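The model shown is predicted, which means the values in this text are computed figures rather than measured ones. Residue numbers begin at 1 in each chain, while the letters A, B, ... track the order of the sequences.
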Protein chains: 2
Amino acid sequence: MSNLDQARVASRSTETTRAALIKAATSVFAEYGYDGGSVRLITQRAMANQAAVNYHFGGKDGLYREVLIAATKTLEQSSFLCPEELDARSPEEALRLYLRQFLLPLVKRDRVSMYLRIFAWESVRPSEAFNAFIVASPPRIFQLAERVVKRFLPEEAPAETVTFATLWLAHQPMFFVRDAERLARAPFALKFDESSLERLVDTLASFSLRGLGNP
Amino acid sequence: MSNLDQARVASRSTETTRAALIKAATSVFAEYGYDGGSVRLITQRAMANQAAVNYHFGGKDGLYREVLIAATKTLEQSSFLCPEELDARSPEEALRLYLRQFLLPLVKRDRVSMYLRIFAWESVRPSEAFNAFIVASPPRIFQLAERVVKRFLPEEAPAETVTFATLWLAHQPMFFVRDAERLARAPFALKFDESSLERLVDTLASFSLRGLGNP
DNA sequence: TTGAAATTCAAACGCTCGTTTGAAGCGAAA
DNA sequence: TTTCGCTTCAAACGAGCGTTTGAATTTCAA
């Protein structure tokens with residue numbers, strides 16, 4: 001009887017718990033971010049014991065890393081966000097598609113939206129676990145904003161300008177996704193449904209493309 | 001001997017401690033935000049006892065409120081950020097001035113910059129103490145972005161569009177100020193000095209005015 | 001100088017957090 | 001059926017947080 005056999009034998013119950021924890025962690029981290037999401041809430045939602053996180057993943061960090069791995073894997077397989085899709089379109093359409101995809105979490109609650117929410121949290125103040133992760137395996141979606149921006153900037157644009165522009169663009173949808181809950185309350189009262197999402201995409205695309213001065 | 005007399009009599013040492021705490025709290029909150037700034041660090045910098053915060057201000061909230069009061073008072077007296085100054089300029093100049101003033105904390109460490117940093121923190125995830133404060137006495141500087149934006153939008157623009165645009169503009173400089181420390185490290189490596197600040201102002205002003213599509 | 005009020009201080013309280021512990025439960029091989 | 005290793009569990013640990021406590025100290029009018 002090898003370790004492999006043992007692992008296979010025990011894998012059913014183990015995998016059940018692991019999967020439940022990852023699923024619960026995904027929703028909790030999407031809602032509250034890494035620092036704000038507590039192990040107690042995650043294990044509660046997964047109907048597992050608190051110690052299970054440490055037993056199966058070595059700690060909160062390890063569980064988060066699993067979520068990030070699943071996120072990058074899913075997002076890389078999602079055709080909506082693949083770089084080739086962007087390159088096949090005109091710069092204007094690419095920009096609009098980019099904004100629209102990253103704003104979708106405002107009205108959707110599916111898995112991809114939760115992953116995008118997690119990235120939106122990390123765009124504010126990245127956790128150390130996240131930094132360690134993107135150094136090890138940088139998610140492809142982080143190149144997307146730069147890719148879109150480069151379609152507009154001249155070839156000879158300095159790297160600093162590209163960085164400014166990339167950060168500038170990437171954080172426009174991130175802000176709305178991350179703070180949707182707060183913006184829904186006073187004094188903003190922005191409730192997002194399909195139609196207001198479209199208007200937001202229109203507005204951001206217009207500003208990003210032509211600026212405030214050219215409506 | 002009235003309470004007033006007692007207050008006056010005891011005011012020297014009291015005011016010294018109070019002022020030291022407020023000064024220390026300003027720098028700590030500017031550095032780490034409200035949640036991230038601890039009472040222990042504040043009292044350490046002020047060379048005061050931990051209990052002094054509760055004794056003089058009733059708690060961390062109360063101390064923060066004093067900082068916010070000082071911030072709004074100072075910022076309202078600062079001619080750089082007054083609404084009249086903006087109205088006296090062309091829309092383009094007003095926008096540029098707005099961006100420049102709110103990006104100044106990147107290179108300056110003076111009192112006004114610390115206050116702007118605190119507001120930048122609050123723009124991400126406002127503390128309850130902050131929400132309670134702005135309801136009681138809304139700082140004037142929060143109307144500035146809307147004022148600038150309205151110079152560009154047509155009179156009949158829907159309120160939702162104005163809100164979108166205001167949030168869009170207001171968060172552009174806030175992001176850089178808040179995350180300056182992180183952006184200085186890899187993979188961005190954006191160190192800000194006078195010249196790079198000017199380039200950032202140029203870039204953001206250009207994008208905000210004319211968008212990516214019209215360099 | 002005296003006494004009462006104001007202020008400071010070290011220590012501890014109560015809470016939440018991530019993590020650890022050691023016993024109990026469980027399933028499959030012997 | 002017994003045994004052994006993997007998994008679960010309730011409980012506690014230790015660290016950090018804001019806050020409270022009660023005694024010591026300072027201050028100053030009387």
Whole-Å distance separating the [atom1] atom of [X] from the [atom2] atom of [N]:
X: Asn49(A); N: dG18(C); atom1: CG; atom2: C1'; answer: 13 Å
X: Leu63(A); N: dG18(C); atom1: CG; atom2: P; answer: 11 Å
X: Gln50(B); N: dT21(D); atom1: CD; atom2: C1'; answer: 13 Å
X: Tyr32(B); N: dG16(D); atom1: OH; atom2: C1'; answer: 15 Å
X: Asn54(A); N: dT21(C); atom1: CG; atom2: P; answer: 11 Å
X: Glu15(A); N: dT8(D); atom1: CD; atom2: P; answer: 11 Å
X: Tyr34(A); N: dC17(C); atom1: OH; atom2: P; answer: 14 Å
X: Tyr64(B); N: dG18(D); atom1: OH; atom2: P; answer: 14 Å

Notebook entry, point to check: Is there a ring-ring contact (aromatic ring centres under 6.0 Å, His included) between Phe29(A) and Tyr64(A) once you walk through the steps?
Noted result: CA-CA 8 Å; Phe29(A) 289 142; Tyr64(A) 190 51; 4.8 Å; yes
Checklist line | Shortest side-chain distance from Ala51(B), nucleotide among dT19(D), dA10(C), dG18(C) | finding: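 The answer is dA10(C).
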Margin query: Checking contacts here: which listed nucleotide (dT8(D), dT8(C), dT19(C)) is nearest the side-chain heavy atoms of Lys60(A)?
Written below: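 Closest of the options to the side chain of Lys60(A): dT19(C).
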Next item on the list: Please check if the side chain of Lys191(B) supplies one atom and the backbone of Leu183(B) the other of a donor-acceptor pair under 3.5 Å.
Entry: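 Between the backbone of Leu183(B) and the side chain of Lys191(B) there is no qualifying donor-acceptor contact (under 3.5 Å).
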Note to self: I'd like to know if the side chain of Arg178(B) reaches the main chain of Phe119(B), judged simply by a donor and an acceptor atom lying under 3.5 Å from each other, with no hydrogens or angles considered.
What the structure shows: no
Item checked: Phosphate OP1/OP2 of dT8(D) contacted by His56(A) side-chain N/O (<4.0 Å) ->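 Checking dT8(D) against His56(A), a side-chain N or O does come within under 4.0 Å of OP1 or OP2.
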Next item on the list: State whether Thr17(A) places a side-chain N or O below 4.0 Å from either non-bridging phosphate oxygen (OP1 or OP2) of dT8(D).
Entry: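 The answer is yes; a side-chain N or O of Thr17(A) sits under 4.0 Å from OP1 or OP2.
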Check: Ring centres of Tyr98(B) and Phe102(B) under 6.0 Å apart?
Finding: yes
Check: Would the Phe164(A) and Phe207(B) ring centres measure less than 6.0 Å apart?
Finding: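 Between Phe207(B) and Phe164(A), which both carry aromatic rings, the centre distance is not below 6.0 Å.
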Note to self: Regarding Gly37(B), tell me which of base, sugar-phosphate or nothing describes its non-hydrogen contacts under 4.0 Å with the strands shown.
What the structure shows: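 It contacts sugar-phosphate atoms only.
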Next item on the list: Return yes if the base of dG18(D) and the side-chain atoms of Arg40(B) contain a donor-acceptor N/O pair under 3.5 Å, otherwise no.
Entry: yes
